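What follows is a single structure, written as structure tokens, with notes after it.
Chain naming here is simple, since letters A, B, ... match the order of the sequence lines and numbering starts at 1 in each. It should be emphasised that the depicted structure is a prediction, and the values quoted were computed from it without experimental measurement.
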Amino acid sequence: MNFEIRIRGQAQAAESGDGVLLEPLAGSECWTLVVAGRTVPVRVREQEGRLLVTIGADRVEVGVRRASASSSRGPSAQNGADRFEVRAPMPGLVVTVPVAAGEPVRAGSVVAIVEAMKMQMEVVSPAAGHVEEIRALPGQEVAGGQVMALIRVPASAPDEGAAR
Amino acid sequence: MNFEIRIRGQAQAAESGDGVLLEPLAGSECWTLVVAGRTVPVRVREQEGRLLVTIGADRVEVGVRRASASSSRGPSAQNGADRFEVRAPMPGLVVTVPVAAGEPVRAGSVVAIVEAMKMQMEVVSPAAGHVEEIRALPGQEVAGGQVMALIRVPASAPDEGAAR
Amino acid sequence: MPLPRRLLVANRGEIAVRILRACRDLGIETVAVHAPVDAGAPHVCLADRALPLPGDSPAEGYLNRAALVEIASRCGAGAIHPGYGFLSENPSFAAACEAAGIAFVGPPASVLRMCGDKAEARAAVEAAGVPVLPGSGPVDDAEVRRAAEAVGFPLLIKAVGGGGGKGIHLVRSPDDLPGALRLARGEAQTAFGDPRVYLERWVERPRHVEVQVLADAHGGVVHLGERACSVQRRHQKLIEEAPAPGVSPRVREALLESAVRVARALRYRNAGTVEFLLDGDAFFFIEVNARLQVEHPVTEMITGTDIVAAQIAVAGGAPVPFSQEDVRPAGWAIECRISAEDPHGGFLPSLGRIDGVIEPQGPGIRVDSGFRTGCVVSRHYDPLLSKVVAWGRDRSEAIARMRRALAEYAISGVDTTIPFHRWAIEQPAFLRGTYDVRFAEDWDGAAPSQEAERLAAVAASAWLRRRAAAQPRDGHGAGPASRWIAVAREEGIR
Amino acid sequence: MPLPRRLLVANRGEIAVRILRACRDLGIETVAVHAPVDAGAPHVCLADRALPLPGDSPAEGYLNRAALVEIASRCGAGAIHPGYGFLSENPSFAAACEAAGIAFVGPPASVLRMCGDKAEARAAVEAAGVPVLPGSGPVDDAEVRRAAEAVGFPLLIKAVGGGGGKGIHLVRSPDDLPGALRLARGEAQTAFGDPRVYLERWVERPRHVEVQVLADAHGGVVHLGERACSVQRRHQKLIEEAPAPGVSPRVREALLESAVRVARALRYRNAGTVEFLLDGDAFFFIEVNARLQVEHPVTEMITGTDIVAAQIAVAGGAPVPFSQEDVRPAGWAIECRISAEDPHGGFLPSLGRIDGVIEPQGPGIRVDSGFRTGCVVSRHYDPLLSKVVAWGRDRSEAIARMRRALAEYAISGVDTTIPFHRWAIEQPAFLRGTYDVRFAEDWDGAAPSQEAERLAAVAASAWLRRRAAAQPRDGHGAGPASRWIAVAREEGIR
């Protein structure tokens with residue numbers, strides 16, 4: 001099986017096979033990479049079809065596709081041009097949702113407050129518009145990345161994606 | 001399923017269920033035993049149908065039988081009264097076997113020398129008699145407990161078992 | 001003065017483990033308590049006895065004052081150590097312990113009340129002649145604007161009942177005041193059960209230096225030197241060291257003397273930390289942390305003392321077990337806090353099951369961990385997993401050993417702050433020892449080096465090949481022994 | 001005097017890891033070498049570069065002098081550290097290194113030759129006025145009887161090329177001489193490639209005390225204090241501590257002074273250990289171990305020094321990096337050697353795969369490990385897995401911390417000496433510090449306490465119930481994630 005590997009959108013020349021070893025170090029994610037006699041501890045985590053590779057202080061996002069074609073599933077593919085998904089920035093407990101469906105919001109308006117590990121975080125609207133739908137209620141637990149609200153914006157939305 | 005548990009041959013009143021927990025600590029053998037709120041680190045290793053339980057400095061051999069009867073397989077069951085098995089005291093490499101089949105041996109005669117981790121150990125005959133069979137050759141690797149030779153003794157052998 | 005025969009640890013995680021170790025070393029029998037999700041947790045396994053807390057909630061049990069006192073009484077514990085967080089600075093818990101004849105390992109209720117009321121403590125310290133920052137008393141929503149104008153912007157909103165960086169918010173302009181106030185009150189309520197907040201002048205680029213003190217009921221006050229804690233993010237400390245770099249002997253002397261003065265002014269008892277902000281050579285008292293600090297090991301490493309053991313002795317009525325002359329700091333120590341947070345994703349909590357770990361070891365390295373393979377990191381608790389402390393004869397040896405320890409540390413299953421620390425200790429400002437509280441703002445997790453990208457590509461393709469090769473094995477690759485382990489680990493989660 | 005830019009570690013296991021850590025701390029690039037079975041071993045993962053040794057044999061590669069020098073030259077290593085065992089005391093290896101322009105981190109070949117010839121070293125030391133035990137020169141089979149009568153029974157047969165307790169045999173009567181001689185020669189040949197042995201008077205109940213020295217090429221000799229190593233079994237040390245308990249200041253002073261005298265008499269260079277037997281207050285030189293010792297960490301813990309770092313500096317031509325006045329021992333340190341041996345089965349080697357481990361941590365504890373989860377313990381190498389070192393302000397604190405560390409240590413997959421150590425540190429003779437080299441003979445692994453039997457019965461039935469409950473899960477209990485881990489671990493064996 002062959003893979004196409006991309007970093008920052010650019011395909012990488014996959015240095016293959018010879019002299020490259022990946023020795024298990026700890027658990028499912030930590031390895032010792034041996035390249036031409038050099039040893040480097042790495043952590044490889046699979047997440048939403050990407051590989052997140054941590055080396056020293058650096059984290060590198062590696063896009064992966066099987067060379068045998070298969071449908072791409074970019075995270076913003078389903079984002080309508082005139083609608084934003086407001087996602088939970090971390091897993092946690094919804095403390096309040098100070099807006100309701102139909103209400104107008106500004107860019108930066110607080111849509112919800114989420115709490116985890118005793119830290120509270122404001123989840124804000126990425127743009128001005130109206131709340132189309134609320135999908136999270138106070139007291140509810142949300143997963144990281146879970147859609148909490150949909151915001152409909154008037155027109156010509158910039159290609160910015162949801163709040164991070 | 002019920003078990004009969006024996007320590008030094010004596011059946012033990014198996015304190016059952018309530019208030020006893022065995023929490024995994026490390027790997028397949030190390031546990032935290034919780035008995036009535038007391039916590040004790042234990043190591044449990046299964047070996048030849050027994051459980052070896054290590055607690056602090058102590059090792060306890062626990063014999064186990066399913067309460068639904070099944071044939072016992074005591075380690076000395078096959079030992080003929082007039083024949084001793086000389087077993088390897090540890091896994092290792094056979095360095096020399098200074099005796100041959102048919103030769104007479106005294107109690108304490110060296111039957112073989114085994115080496116492991118740079119230590120050599122003499123394996124001796126437990127009794128006076130004749131070598132009936134040699135089952136290990138120099139250069140061969142043996143497992144701990146493997147039979148290396150059979151010694152036939154004249155008569156009335158004491159119930160002593162093989163060399164340890 | 002006899003030590004308690006038995007002590008209950010009213011906490012969990014690394015600090016519970018730390019306290020249990022001190023008790024072991026003192027020959028004191030230990031009782032751990034645990035929420036349902038913490039059965040089998042490291043602090044449970046290291047105690048002599050382990051008892052469940054009432055209720056199903058992960059956190060509430062550890063805050064259940066009545067239940068804790070009742071359990072301690074029932075099992076004959078003569079003392080309770082609260083650790084940090086949870087009930088550690090709660091005056092009524094301290095009072096309830098004393099009322100039940102149980103030694104509370106911390107300051108008495110009256111001192112906790114004084115230190116807990118940050119505004120009152122400020123006033124007492126100011127009266128003792130130690131400089132403080134301009135600030136307000138507790139403010140309500142109506143008067144906050146006026147109080148803020150009096151203190152001046154930028155300012156901090158801080159929890160009256162607070163500590164540990166929780167509930168602190170920086171406000172740069174009057175417009176941001178209402179939103180920050182709402183968040184701060186919410187966090188203060190959650191963390192400390194007290195929504196009151198006060199205001200304090202914000203110094204633009206101060207350094208954070210604190211002094212460890214130990215005080216007994218006989219008027220004895222000893223300091224154990226200072227710690228530098230300026231590597232912070234959102235008012236949470238990330239790296240601490242002792243001694244503090246870049247502090248002149250004259251300023252250090254004044255800080256240590258002031259800390260002892262503060263302890264005396266507040267009639268302090270047990271272990272505590274007097275926190276200061278340094279602005280150039282000027283310094284200002286900010287607060288007393290009336291508990292064992294997360295970062296106490298750096299002080300232990302340079303003084304050879306056991307602060308927790310001293311706490312227990314003092315709580316039993318003994319004098320501080322060493323004199324000021326006995327405290328002779330040697331060498332340098334640095335601590336990195338390893339948290340389950342994603343430094344490349346805004347330090348958001350990273351949750352999951354830890355399925356493997358290799359912890360650093362060797363000369364000069366101490367690790368205090370509160371987790372192990374099989375543990376689940378949930379949103380219910382503080383994300384601190386462990387603390388790595390490196391000691392060296394001088395600062396550069398301590399840094400070199402920390403570099404080595406961070407390179408060795410491998411945690412599988414959650415993101416951690418390890419990459420941040422690897423970055424931090426290589427920065428010129430850190431290496432020079434001239435960093436201030438804004439230091440961590442320069443972290444930019446989004447820019448990997450070219451070399452890292454090249455290696456990541458190699459690692460990714462090796463990983464993919466490896467997985468492709470492993471997949472056909474499904475169903476028969478793992479023998480019975482392996483399967484048994486997997487089951488054991490799964491069950492270890494609870 | 002510059003440190004090498006790159007250093008090759010010609011060893012494996014815990015001591016290779018120890019040396020790699022020192023290099024990391026010094027900023028020296030590291031090269032590990034490994035036999036085929038050791039690919040992925042801890043020492044390989046901690047090095048910057050890792051290169052395979054020639055051949056398929058597990059042990060021969062580490063003894064392949066030509067290959068090691070060639071690899072070091074090829075990859076630009078300016079120094080080779082041999083660790084202990086293997087080639088550490090091999091004069092021709094040291095000479096080959098120097099000939100290739102590579103610094104051998106140890107004494108020069110001439111000194112190794114002198115120290116390696118135990119009989120010659122004895123003579124030189126005796127000439128320097130340091131007391132030695134009655135003994136012989138190298139003996140051949142024909143003359144052994146006569147030599148033995150001259151020395152007197154009981155006596156020891158020791159390897160001329162030996163060290164580390166290998167090849168030593170106690171002979172109580174003339175009848176036992178031939179058998180012991182045969183075994184001793186065999187072991188000496190295997191371990192050191194030299195079948196020569198010599199005889200030495202056996203002292204019935206001596207204590208074993210040794211002095212760590214460091215000497216440079218400029219005539220500088222510094223001692224780092226003494227260590228007590230009387231907890232031994234078959235001449236293998238099990239527990240070491242520093243300082244030595246029960247040694248009067250006068251005797252200690254004389255020992256330290258004698259050790260420096262020995263180092264000067266032998267023109268010693270680099271780190272070495274001068275071993276003595278104490279019989280009451282009398283002491284006798286026995287040998288110099290011309291290498292880094294397994295037990296060097298106890299000395300590091302009380303002096304705050306890094307002996308490996310000092311070795312590397314001295315090997316580069318630098319003077320000893322500290323003066324005798326800089327060495328100010330503080331506190332007490334104890335080391336327990338954790339080996340894969342079954343203390344309840346005559347300390348026979350225990351082989352197998354380690355499938356889980358929890359190592360002790362916390363205040364005062366240092367662990368130097370050469371293994372981790374997934375490692376296979378094979379018969380090919382020394383059974384030493386790791387060393388636990390506990391430091392305390394005094395001996396009782398060090399013992400208390402060791403007690404705690406041994407309680408925390410959990411290793412799954414092989415038997416270890418941990419139970420022996422738990423027993424040893426509780427014995428009155430150990431607690432009093434009056435133990436001698438016969439101490440370990442009192443270990444009787446065959447008599448569990450009643451309490452242990454009761455708990456074992458409970459544990460066994462809980463274990464059986466648990467396994468019975470787990471068995472029906474076969475085939476679907478472990479999810480894909482667990483399975484993947486199991487595969488990874490299996491592959492980690494190599």
Would a distance-only check, ignoring hydrogens and angles, find a side-chain to backbone donor-acceptor pair under 3.5 Å from [X] to [Y]?
X         : Y         : value
Glu29(A)  : Gly413(C) : yes
Asp58(A)  : Ser449(C) : yes
Arg43(A)  : Ala410(C) : no
His344(C) : Ala57(A)  : yes

>> Counting only non-hydrogen atoms closer than 4.5 Å, does Leu33(A) touch chain C with its backbone (N, CA, C, O), its side chain (CB onward), both, or neither?
In response: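 For Leu33(A), the contact with chain C is made by the side chain alone.
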>> Heavy-atom cut-off 4.5 Å, strictly under: side chain, backbone, both or neither for Glu46(A) against chain C?
In response: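 Only the side chain of Glu46(A) comes within 4.5 Å of chain C.
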>> Counting neighbours of CD on Gln450(C) that are heavy atoms of other residues, nucleotides or ligands and sit closer than 6.0 Å, is the number greater than 12?
In response: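 No.
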>> Taking Glu451(C) first and then Arg38(A), would you say they form a salt bridge - that is, a charged N and a carboxylate O separated by under 4.0 Å?
In response: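 Yes, charged N to carboxylate O under 4.0 Å.
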>> Counting only non-hydrogen atoms closer than 4.5 Å, does Ile411(C) touch chain A with its backbone (N, CA, C, O), its side chain (CB onward), both, or neither?
In response: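 For Ile411(C), backbone heavy atoms alone lie under 4.5 Å from chain A.
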> Taking Ala456(C), Gly346(C), Pro343(C) one by one, which has the highest count of heavy-atom pairs under 4.5 Å against chain A?
Replying inline: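 Of the candidates given, the most pairs with chain A belong to Ala456(C).
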> Would you say the side chain of Arg182(C) lies within less than 4.5 Å of the side chain of Val110(A), judging by non-hydrogen atoms?
Replying inline: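 Side-chain contact under 4.5 Å: yes.
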> CZ/Arg466(C) to CD/Glu23(A) distance, rounded to the nearest 0.5 angstrom?
Replying inline: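 Those atoms lie 7.0 Å apart.
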> Hey, what do you get for CZ (Arg353(C)) to OG (Ser28(A)), rounding to the nearest 0.5 Å?
Replying inline: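 The distance works out to 8.5 Å.
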> For the candidates Val40(A), Val62(A), Leu93(A), which exhibits the highest count of non-hydrogen atom pairs separated by less than 4.5 Å from chain C?
Replying inline: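 Looking at each option in turn, the highest pair count goes to Leu93(A).
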